Amino acid sequence: MIEAQIYAARRILVVGAHAFDAEVIAGPLAFAAAAGGAEVTFLHLTMGEQGHRCLSASLYAEQKRHEASAAAKRLGVSWLSLDLPDAFLPADEATALSVCDVIRRLRPEIIITHWHGSWHKDHRAASDLTKTGVFYASLPTLERDSPPHSPSLLLFGENWEDDEGFQPTYLVDVSTGFAPWREAAAEYELARGLSSFPYLDYYSALYRLRGCLRGTNYAQAFAGTSHSWNAGAGLFMPPAQPGPRP
Ligand SMILES: [Zn+2]
């Protein structure tokens, strides 16, 4: 079962375009994994500081830092941000190398990010930046401050804005993380009425819907990488037979 692999991981990294994205694509899972002893880190590429009706971008970024910290505390995870500009997340090599550096420093066995089929340009960029960051992190000849590292699993989480072509590969039992996730999500003004989108209703129903299909109270859906991508990345699948490879 996929749960056996996910909940055995010692380190998990979740990469979101904006603070609050990591919380919805992997928040309940993060709580469950952290409660089991994993070190879970949310990387918010931007703080998502645009779009507040009253606050300037700089003031809203400060508010979101407080909200991200409060949410992370409830989930038992750590967070960091590259503090890149919301709505202008650069989809370039320098940013992919920054993601690579975070991966090499934290050495996660599992990485979770956005599905690429999104109406939101920052979400598409975050998905590509993470895939490229994983690729760079594993390159043995690419010299950075930290040594190369390859995760064993890359997953794409479910986000209401990233629904173009999203098909779940895995449904993961996250039942123990649901209640803490609701409290964590509610730390964000975004989930308390700032946005016209009913985040808490949507994701509560979604996790329950996925749980109905998984046979658990709550579940989160994830898409996996293609077989060719796994093979190209080199180390993603364990050997079919235990023992040294030829
Ligand atoms: Zn977002």
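In each ligand, atom 1 is the first atom listed, and ligand 1 is the first ligand listed. Computed from a predicted model, the values in this text were never measured in an experiment.
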Do you see an N/O/S atom of His120, backbone or side chain, under 2.8 Å from the Zn ion (ligand 1)?
no
Would one find an N, O or S atom of Asp122, in either backbone or side chain, under 2.8 Å from the Zn ion (ligand 1)?
no
Tell me whether Arg10 contacts the main-chain N or O of Pro108 through its side chain, where contact means a donor paired with an acceptor under 3.5 Å.
no
Atom nearest to the Zn ion (ligand 1) - His18, N, O or S atoms considered
ND1
The atom of Asp21 among N, O or S that is nearest the Zn ion (ligand 1) is OD2
Under 4.0 Å between a Lys/Arg side-chain N and an Asp/Glu carboxylate O for Glu189 and Arg192?
no
Less than 4.5 Å apart, any side-chain heavy atom of Val172 and any of Tyr7?
yes
Treating Ile, Leu, Val, Met, Phe, Trp and Tyr as nodes and any side-chain heavy-atom pair under 4.5 angstrom as an edge, say whether Phe197 and Tyr60 lie in one connected cluster.
yes
